[in-house]
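In what follows, chains are A, B, ... by sequence order, proteins preceding strands, each numbered from 1.
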Protein chains: 2
Amino acid sequence: MSNYYQGMKADMKSELIIRQIGQVRDKANAFLIKELKRRHMKGIAPTHGDILWALYTYGELPMNKLAQIIGRDKSTVTALVNKLINFKYVEKRTDPADSRISNIFLTEKGRAMKQDFWEVSEALRAKAYQGLSKEQMATLMELLNKIQENL
Amino acid sequence: MSNYYQGMKADMKSELIIRQIGQVRDKANAFLIKELKRRHMKGIAPTHGDILWALYTYGELPMNKLAQIIGRDKSTVTALVNKLINFKYVEKRTDPADSRISNIFLTEKGRAMKQDFWEVSEALRAKAYQGLSKEQMATLMELLNKIQENL
DNA sequence: ACGTTATAGTTTGACATCAAACCTTTTCTA
DNA sequence: TAGAAAAGGTTTGATGTCAAACTATAACGT
């Protein structure tokens, strides 16, 4: 951030935490997009990655669970999932017990990408957390959790 | 966040910091939008607020400085500023020393909103930082700065 | 059993956002 | 001095995102 914040009143600085959080988020996303692109996964946004990550972790999931996990609106998930379907990373099938429910599952192609995703995520971690100890990271997580609970 | 993260491998937890950062950001934005709306400032997004905030703080600014301050692309700032112009919160005038440069300044109506913005920002702070000490906030800021520098 | 209410996911519209291309103006270099 | 390069901001296209409205299905209450 530029010098524009020099000389600010002290009580305005606490506002900067939320701004900095936004900055970190933007930068992390930019990094992810770049890394995904580098691995020929162009067109995959961080939230597509979130969906794939959820499927790698939990296996087949209904749409509303995906929406919950990645923290996005149902309608957003529809569009995201449809793109992944077009790319043939996932498929959709109706739940036999409740035909309102669409379950999303990984294709062979989608499963084959797991390693790449792990590497991208590793790269992000390595870069972001340089010079941070385990304790610092734990503290950070604790504070972020606190703020999230507050909001 | 739901129970889906229970039982995860320990080394995956550090990935959650970035996710949590995203969540906090999303929630903060949602809060801001709600509060702005409540004050009849519908249609004003957090980034519009960032622009107004920059103008409150620094006075008249050229477009590229606004883009730098709020961390957004020039073309985004064009659209954001145009909306603020339509709402009559700001106006634009060409710099006499360099006719490529458009300077953006607050109107009377825009200046009259400062108090509301301060209150919204206060409300966000009050809510987000409940139960956090000054030291914790300083620690948090320090860690976020570190991550941002890394990325 | 039937009508009402709730749920799951989709469609539609609006908009913030970025990247690329573009146009005008200014700066730089030979 | 003239042409090339750079800078400032706009336009255009694509896309993630949310909210509202919608459709089909399931659950609930009488």
query = Looking at residues at least two apart in the chain, or sitting in another chain, which of them share a salt bridge (charged side-chain N to carboxylate O under 4.0 Å, His left out) with A:Glu142?
reply = none
request  = For B:Phe87, check ring-ring contact (aromatic ring centres under 6.0 Å, His included) against everything at least two apart and list the hits.
outcome  = B:Tyr89
ask   = salt bridge (charged side-chain N to carboxylate O under 4.0 Å, His left out) with A:Glu60: which residues, sequence neighbours excluded?
value = A:Arg93
query = B:Ala123: what forms a side chain to side chain contact (heavy atoms under 4.5 Å, CB included) with it, not counting sequence neighbours?
reply = B:Phe31, B:Glu35
key: Set of side-chain hydrogen bond (donor to acceptor under 3.5 Å, both in side chains) partners for B:Asp50, sequence neighbours left out   = A:Arg19
task = Kindly state which residues belonging to residues 89-106 of chain A come within less than 4.0 angstrom of DNA chain C, counting heavy atoms of the residue only, listed by number.
result = A:Lys92, A:Arg100, A:Ile101, A:Ser102
request  = Could you tell me the separation between the CE atom of B:Met63 and the C1' atom of D:dG8, rounded to a whole number of Å?
outcome  = 9 Å
query = Applying side chain to side chain donor-acceptor pair (under 3.5 Å), which residue pairs with at least one partner in residues 70-79 of chain B are found, sequence neighbours left out?
reply = A:Asp26-B:Arg72, B:Asp73-B:Ser75
Produce the list of close N/O pairs, under 3.5 Å, pairing protein atoms with atoms of nucleotides 18-22 of chain D; give distances to one decimal.
from	atom 1	to	atom 2	distance (Å)
D:dC18	OP2	A:Asp73	N	2.9
D:dC18	OP2	A:Thr76	OG1	2.8
D:dA19	N7	A:Asp73	OD2	3.4
D:dA19	N6	A:Ser75	OG	2.8

ask   = Between which nucleotides of DNA chain C, read 5' to 3', does contact with chain B run, using atoms under 4.0 Å from its heavy atoms?
value = C:dA16 to C:dT26
query = Expressed in angstrom and rounded to an integer, what is the separation of A:Ile44 atom CD1 from D:dA14 atom P?
reply = 18 Å
Partners meeting salt bridge (charged side-chain N to carboxylate O under 4.0 Å, His left out) with B:Glu135 (sequence neighbours left out) = none
ask   = Who are the side-chain hydrogen bond (donor to acceptor under 3.5 Å, both in side chains) partners of A:Asn29, not counting sequence neighbours?
value = none
key: Non-neighbouring partners of B:Asn145 that pass side-chain hydrogen bond (donor to acceptor under 3.5 Å, both in side chains), sequence neighbours left out   = A:Gln20
